[in-house]
Amino acid sequence: MPELTIETKMIGESSCLIKLSGFLDAHTFEQLDEAISDLFDRDVFRVIADLSGVEYISSAGAGVFIGSLATAQESGGDIVLVNPTINVREVFDLLGLSQIFAIVNNLNEAAAKFK
Amino acid sequence: MPGHVHKELVAPNDTRHLVKIREVVQEAAAQVPFDKREVGRIVLAVDEAVSNIMEHAYEDQENNEGDIRVTIDADCSKMEVVICDSGKEFNPESIQVPDISEHVQRGKKKGLGIFLMRQIMDEVKYTFVQGIRNELRMVKYVRSQGGGDSCQS
């Protein structure tokens, strides 16, 4: 199994679903960083990150979301995190990110954030 | 649990080896009377420490080459992890507590690992011996539910 799998799917013209699976750590975070940077380069600032398949995240992985949030919001978008696993939620809580990010339970709730 | 758990591994300075390091730490921590959540946190703390070393310690070396040694000793009362490298000095104790809001505002992506290490582990002590090595020693104590001796059966 690859250490990190990233699948992207455009939702309309201005939103993108990024589905992540595997480990998001100091070895793999650059893949996510590149994927989000690529979206920003295409003026896509509404990002829905499905974290239900992320088994492990470290600060390197969380840092990608932290470092990208302001750009997304300043450009009229946001980064919405969907259904993080217990392990991922734990790290967000330790970092105090649960108050900063929109974290929702499913894709419908995520889509509603952009209506 | 067995009376004493000892594990040691030496990994090259390459983030590809983080998965293996996490596995070894997880196996050791699972033998100590920590709950599942604490095991996950300890794995995270060690991963953060090693990731930090991999980013900084050998950046002046040709091809960033170097080794990182992780030594684990545990018993029913605590788990101690000692991480050594022979790269340049980097004292995590000099890093201040980060302001997450500032990270967000400035788009900062790094600098949170040491904060996590300190939050999770009960002791974090750094020693640098010029020309020899950096040594980071982290300890997590077992907290028994009754507040008594966690080594009692």
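Letters A, B, ... are given to chains in the order of the sequence lines, protein chains preceding strands, and every chain is numbered from 1. Excluded from the calculations below are hydrogen atoms, water molecules and symmetry mates; all remaining heavy atoms, backbone and side chain alike, are included.
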Is the backbone of A:Ala70 close enough, under 3.5 Å, to the side chain of B:Gln105 for a donor and an acceptor to pair up by distance?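 The answer is no, because no donor-acceptor pair under 3.5 Å joins these two groups.
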
Going hydrophobic residue to hydrophobic residue with side-chain gaps under 4.5 angstrom, can you get from [X] over to [Y]?
{"X": "A:Met10", "Y": "A:Ile6", "value": "yes"}
{"X": "B:Ile42", "Y": "B:Val142", "value": "yes"}
{"X": "A:Phe101", "Y": "A:Val82", "value": "no"}
{"X": "A:Leu32", "Y": "A:Val88", "value": "yes"}
{"X": "A:Phe23", "Y": "B:Val39", "value": "yes"}

More than 12 foreign heavy atoms under 6.0 Å from [atom1] of [X]: is that the case here?
{"X": "A:Glu13", "atom1": "CD", "answer": "no"}
{"X": "B:Arg118", "atom1": "CZ", "answer": "yes"}
{"X": "B:Lys88", "atom1": "NZ", "answer": "yes"}

Counting heavy-atom pairs under 4.5 Å with chain B, the top scorer among A:Val91, A:Ile57, A:Thr28, A:Asp33 is A:Asp33

Toward chain A, the part of B:Lys110 with a non-hydrogen atom under 4.5 Å: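 The answer is the side chain of B:Lys110.
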
Proximal component of B:Arg106, with respect to chain A [non-hydrogen, under 4.5 Å]: neither

Under 4.5 Å from a heavy atom of chain B, the part of [X] involved:
{"X": "A:Ser58", "result": "both"}
{"X": "A:Asn87", "result": "neither"}
{"X": "A:Ile100", "result": "side chain"}
{"X": "A:Ile86", "result": "neither"}

Ranking B:Ile120, B:Asp14, B:Leu44 by heavy-atom pairs under 4.5 Å to chain A gives rank one to B:Leu44

Taking B:Leu116, B:Val43, B:Asn52 one by one, which has the highest count of heavy-atom pairs under 4.5 Å against chain A?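 The option with the most such pairs is B:Leu116.
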
Check each of B:Leu18, B:Asp47, B:Val19 against A:Tyr56 using the side chain to side chain contact (heavy atoms under 4.5 Å, CB included) test, and report the only one that passes.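 Among the candidates, only B:Asp47 passes.
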
Could you go through the side-chain contact (heavy atoms from CB on, under 4.5 Å) check for B:Lys109 and A:Ile66 one step at a time? CA-CA 6 Å; B:Lys109 297 175 180 173; A:Ile66 295 167; over 6 Å; no

Is there a side-chain contact between B:Ile100 and A:Gln99 (heavy atoms, below 4.5 Å)?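 No - every pair of side-chain heavy atoms lies 4.5 Å or more apart.
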
Decide side-chain contact (heavy atoms from CB on, under 4.5 Å) for B:Leu112 and A:Leu95; before the verdict, give the C-alpha distance in whole Å, the side-chain angles of both, and the deciding distance to 0.1 Å. CA-CA 8 Å; B:Leu112 299 171; A:Leu95 289 171; 3.9 Å; yes

What one should report as the nearest heavy-atom pair of B:Arg37 and A:Glu90 is NE-OE1, 3.0 Å

Rounded at 0.5 Å granularity, tell me how far NE2 in B:His103 sits from CG in A:Leu69. 13.5 Å

